[in-house]
Amino acid sequence: MLDLRFVCDNIDLVTEKLAKRNSKINLDEVVELAKERRASIKGVETLKAEKNQVSAQIAVMKRNKQNCDDLIVKMKIKGEEIKTLDDRLVVIEHRLNELMLDIPNLIDDSVPYGLDSNDNVELRRYLEPTAFDYTPKAHWEIGENLQILNVQQAAKITGARFTVYHGFGARLERAIMNFMLDTHTGNGYSEVFPPFMVNKDSMLGTGQLPKFEEDMYAIKNTDYYLVPTAEVPVTNLHRDEILRESDLPIRYCAYTACFRGEAGSAGRDTRGLIRQHQFNKVELVKFAHPSNSFEELESLTAEAEVILKLLKLPYRVVSLCSGDVGFSSCKTYDIEVWMPSYNRYVEISSCSNFIDFQARRANIKFRDANGKTQLVHTLNGSGLAIGRTTAAILENYQNADGTVTVPDVLVKYMGVNVIK
RNA sequence: GGAGAAAUACCCAAGAGGCCGAAGGGGCUCCCCUGCUAAGGGAGUAGUACGUGAUAAGCGUAGCGAGGGUUCAAAUCCCUCUUUCUCCGCCA
């Protein structure tokens with residue numbers, strides 16, 4: 001959420017920045033309601049102050065056994081007046097909140113301008129795309145041939161966009177998870193294992209609700225949602241807290257399964273592990289000081305890249321353009337792994353600085369040297385999506401005979417050098 | 001799932017319609033005293049959000065788990081919900 005005061009005081013700047021996102025938000029109603037809100041508050045609080053004063057007076061008179069029936073009658077009327085104004089204020093604030101919750105974050109000035117993902121800017125590459133002297137297979141074929149991935153069974157027991165892992169497939173997924181967590185904890189991240197269901201307040205806090213409700217799985221008969229990413233439970237760990245400045249940055253890594261409706265991607269990536277309703281992911285989350293959050297974004301991205309470097313998988317890093325940056329983010333780097341079957345790079349991590357956008361929604365602050373509270377900056381990035389890493393390994397490490405070589409760093413987790 | 005108890009400031013805890021934004025204790029901060037330490041004495045200790053103001057001081061409003069209600073007036077009475085604890089049932 002943006003700061004209401006800032007929006008009202010900087011209408012032109014905010015409008016301009018939203019336009020860069022191709023966002024069609026109209027701020028007129030916000031400004032109008034904000035004015036009305038202030039006027040209402042002034043009015044109602046003046047009346048409340050009066051009422052409080054007279055009530056205190058009544059208390060004294062009662063104690064002195066004086067008659068104060070006329071004051072009580074007066075205050076009864078005043079009370080009704082207050083109620084009317086208060087009700088109006090509630091309506092105004094409710095609507096204002098609704099509007100504010102739907103406004104995306106303002107993008108950073110360093111974000112390249114563009115309409116969609118075609119305008120994203122490549123920053124760097126690691127390794128060359130894997131070369132084959134035969135026609136490489138897609139991971140779903142490899143997985144099926146090795147009998148480690150089974151889509152038919154998943155379709156039977158659940159439905160489309162699910163996969164059952166068997167044998168070394170299941171083990172590979174688990175090996176990658178452990179390798180990632182071990183690497184990140186070795187780099188100073190504290191491991192967290194949160195619930196996979198969260199309440200509505202958490203989903204509001206990180207920005208999944210109210211706008212993206214149709215992509216989330218709500219659980220019947222409860223107020224809970226399946227987590228779409230560990231970002232939600234982990235960022236909300238410190239909701240409604242005032243952190244110690246000296247504790248910043250706080251760094252967490254967390255594995256969770258992630259659940260997404262994929263409402264807007266019917267027909268896309270229908271085969272394989274790339275786009276599933278349930279997938280595994282290790283997430284990196286930081287609570288950073290506002291003065292250096294963009295440096296923290298650089299290091300967070302680098303820390304996610306470490307995984308691909310250690311796995312020796314070719315990848316590139318792109319800076320998302322203004323039209324492609326997500327709703328809550330101020331600036332985002334995507335890490336894209338080389339996927340031979342797609343003959344292109346595929347997103348495997350998204351690293352974002354949300355600055356104070358989530359912190360304002362979730363009320364996460366710290367106390368500065370002057371004793372004042374300030375909003376923290378929150379960041380997160382996949383470190384990495386595990387299913388897509390499995391897919392990338394199967395494809396990039398495949399051999400002509402249909403086997404898959406196990407990356408060196410995973411051998412100790414897998415117990416074998418080759419998946420046959 | 002059933003039955004009971006509880007939720008008050010950094011922590012413990014009193015308070016049972018108005019003199020309560022809240023006794024008392026611990027802790028913490030500052031001061032005094034004492035070679036050091038321990039002990040002792042004194043003062044301070046609701047943060048926060050919003051409105052107003054100059055992004056100050058000050059003033060005002062809200063705030064005793066959350067949300068409603070009763071009342072001129074609610075920590076205190078009523079309703080709903082949440083969480084925690086104890087017991088029973090079920091269960092990995």
Side-chain angles (χ1 to χ4, degrees), chain A residues 1-10 13 30-101 193-205 219-225 233 236-247 257 290-291 356-376:
Chain A
M1 192 152 61
L2 302 179
D3 181 43
L4 180 60
R5 214 169 255 274
F6 180 84
V7 172
C8 292
D9 293 348
N10 301 277
L13 176 70
V30 170
V31 174
E32 200 47 50
L33 283 172
K35 268 188 211 158
E36 223 186 304
R37 173 178 167 272
R38 269 190 230 178
S40 294
I41 287 174
K42 256 191 242 182
V44 81
E45 288 193 351
T46 307
L47 290 179
K48 281 181 181 175
E50 270 178 59
K51 193 191 70 174
N52 286 345
Q53 215 174 356
V54 176
S55 287
Q57 200 182 326
I58 291 172
V60 173
M61 290 172 77
K62 285 255 185 193
R63 233 172 291 136
N64 298 335
K65 305 263 194 286
Q66 288 172 275
N67 183 294
C68 47
D69 291 352
D70 54 331
L71 280 183
I72 288 178
V73 171
K74 261 194 199 163
M75 284 308 100
K76 195 176 177 64
I77 295 165
K78 181 100 30 189
E80 280 157 15
E81 216 177 316
I82 289 170
K83 180 101 179 68
T84 309
L85 288 174
D86 247 346
D87 288 349
R88 173 68 191 144
L89 183 59
V90 167
V91 171
I92 293 168
E93 293 200 314
H94 180 82
R95 175 64 184 150
L96 196 51
N97 195 243
E98 218 171 52
L99 291 171
M100 291 302 288
L101 284 173
F193 188 60
F196 292 3
M197 298 182 210
V198 293
N199 57 34
K200 212 167 202 164
D201 285 340
S202 295
M203 295 290 265
L204 278 168
I219 298 171
K220 223 174 177 175
N221 301 329
T222 71
D223 174 38
Y224 303 150
Y225 291 81
N236 279 282
L237 287 177
H238 294 302
R239 172 149 51 82
D240 294 320
E241 286 186 11
I242 298 172
L243 305 169
R244 280 213 303 254
E245 187 173 27
S246 58
D247 287 343
S291 63
D356 58 9
F357 188 85
Q358 293 181 326
R360 188 172 292 106
R361 285 174 168 246
N363 188 28
I364 310 171
K365 302 185 171 175
F366 69 94
R367 197 174 302 285
D368 67 20
N370 301 319
K372 299 241 176 186
T373 56
Q374 289 186 46
L375 294 164
V376 299

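Chain naming here is simple, since letters A, B, ... match the order of the sequence lines and numbering starts at 1 in each.
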Do A:Lys78 and A:Ile82 pass the side chain to side chain contact (heavy atoms under 4.5 Å, CB included) test, and can you show the C-alpha distance, the side-chain angles, and the key distance before you say yes or no?
CA-CA 6 Å; A:Lys78 181 100 30 189; A:Ile82 289 170; 4.1 Å; yes

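For B:U82 and B:G67, the P atoms lie 15 Å apart once the distance is rounded to whole Å. Distance noted for atom C1' between B:A3 and B:G60: 47 Å (whole Å). One P atom belongs to B:G63, the other to B:A6, and the distance between them is 24 Å to the nearest Å. On the P atoms, B:C28 is 30 Å away from B:U86, given to the nearest whole Å. Look at the C1' atom in both B:G35 and B:U29: the space between them is 26 Å, to the nearest Å. Comparing B:U37 with B:G51, their P atoms are spaced 49 Å from each other, to the whole Å. The same atom, C1', is picked in B:U84 and in B:A23; the two are 26 Å apart, to the nearest Å. Here, B:U83 and B:G65 have their C1' atoms 8 Å apart, quoted to the whole Å.
Ion pairing between a basic and an acidic side chain is recognised when a charged N comes within 4.0 Å of a carboxylate O; A:Arg5 and A:Asp9 show no such pairing.
Judged purely by atom type and a 3.5 angstrom limit, A:Asn67 uses its side chain to pair as donor or acceptor with the backbone of A:Asp69. Side-chain atoms of A:Arg361 come within 3.5 Å of backbone atoms of A:Leu101 as a donor-acceptor pair (strictly under, hydrogens ignored). Remark: side-chain polar atoms of A:Asn236 are paired, donor with acceptor, to backbone N or O of A:Ser202 under 3.5 angstrom. Under the 3.5 Å distance criterion, the side-chain polar atoms of A:Asp356 are left unmatched by any main-chain donor or acceptor of A:Ala359. Listed for the A:Asn97 side chain is no donor-acceptor partner under 3.5 Å among the backbone atoms of A:Glu93. The backbone N or O of A:Phe6 sits less than 3.5 Å from a side-chain atom of A:Asp3, completing a donor-acceptor pair. Judged by distance alone, with hydrogens and angles left aside, the side-chain atoms of A:Arg360 form a donor-acceptor pair with the main-chain N or O of A:Met1 at under 3.5 Å.
Across the interface with RNA chain B, nearest-nucleotide mapping of A:Lys372 and A:Tyr224 shows A:Lys372 to be the residue nearer the 5′ end.
Comparing B:C50, B:A49, B:U52 by their closest approach to the side chain of A:Lys365 singles out B:A49. For A:Arg63, whose side chain is taken as the heavy atoms from C-beta onward, the closest listed nucleotide among B:C72, B:C50, B:C19 is B:C19.
The phosphate of B:U48 has OP1 or OP2 within less than 4.0 Å of a side-chain N or O from A:Arg367. Under 4.0 angstrom from either OP1 or OP2 of B:U52 there lies at least one side-chain N or O belonging to A:Arg5.
Judged purely by distance below 3.5 Å, without hydrogens or angles, the side chains of A:Ser40 and A:Arg88 never pair a donor atom with an acceptor atom.
In RNA chain B, runs of at least 3 consecutive Watson-Crick or G-U pairs, each pair with both distances below 3.5 Å, span B:1-7 with B:82-88, B:10-12 with B:24-26, B:27-32 with B:40-45, B:48-52 with B:58-62, B:65-69 with B:77-81.
A:Asp223 places its CG atom 14 Å from the P atom of B:C81, with the value rounded to the nearest Å. Atom CD1 in A:Ile58 sits roughly 15 Å away from atom C1' in B:C19 (whole-Å rounding). Atom pair A:Gln57:CD and B:G18:C1' shows a separation of 13 Å (rounding to whole Å applied). One interatomic measurement links the two molecules: CD1 of A:Ile41 to P of B:G53, which rounds to 13 Å at whole-angstrom precision. At whole-Å resolution of the value, CD in A:Glu81 and C1' in B:C72 are 14 Å apart. Put simply, CE on A:Met1 is 13 Å from C1' on B:C50, counting in whole angstrom units. The CZ-P distance, from A:Arg360 to B:A49, rounds to 12 Å in whole Å. Here B:A49 presents its P atom at 12 Å from CG of A:Asp3, a figure rounded to the nearest Å.
Within a 6.0 Å radius of CE in A:Met100, more than 12 heavy atoms belonging to other residues, nucleotides or ligands are found. Under a cut-off of 6.0 angstrom, the local environment of CD in A:Glu80 is crowded, with over 12 non-hydrogen atoms contributed by other residues, nucleotides or ligands.
A:Met75 pairs with exactly one of A:Glu50, A:Gln57, A:Lys51 by the side chain to side chain contact (heavy atoms under 4.5 Å, CB included) rule, that one being A:Lys51.
Across residues 68-77 of chain A, A:Ile72, A:Met75, A:Lys76 each have a non-hydrogen atom less than 4.0 Å from an atom of RNA chain B (numbered order).
Note on A:Lys62: a base of the nucleic acid sits closer than 4.0 angstrom, heavy atoms only.
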Report each atom pair, protein N/O against N/O of nucleotides 61-68 of chain B, whose distance is under 3.5 angstrom.
from, atom 1, to, atom 2, distance (Å)
B:U61, OP1, A:Asn52, ND2, 3.0
B:A62, OP2, A:Asn52, ND2, 3.4

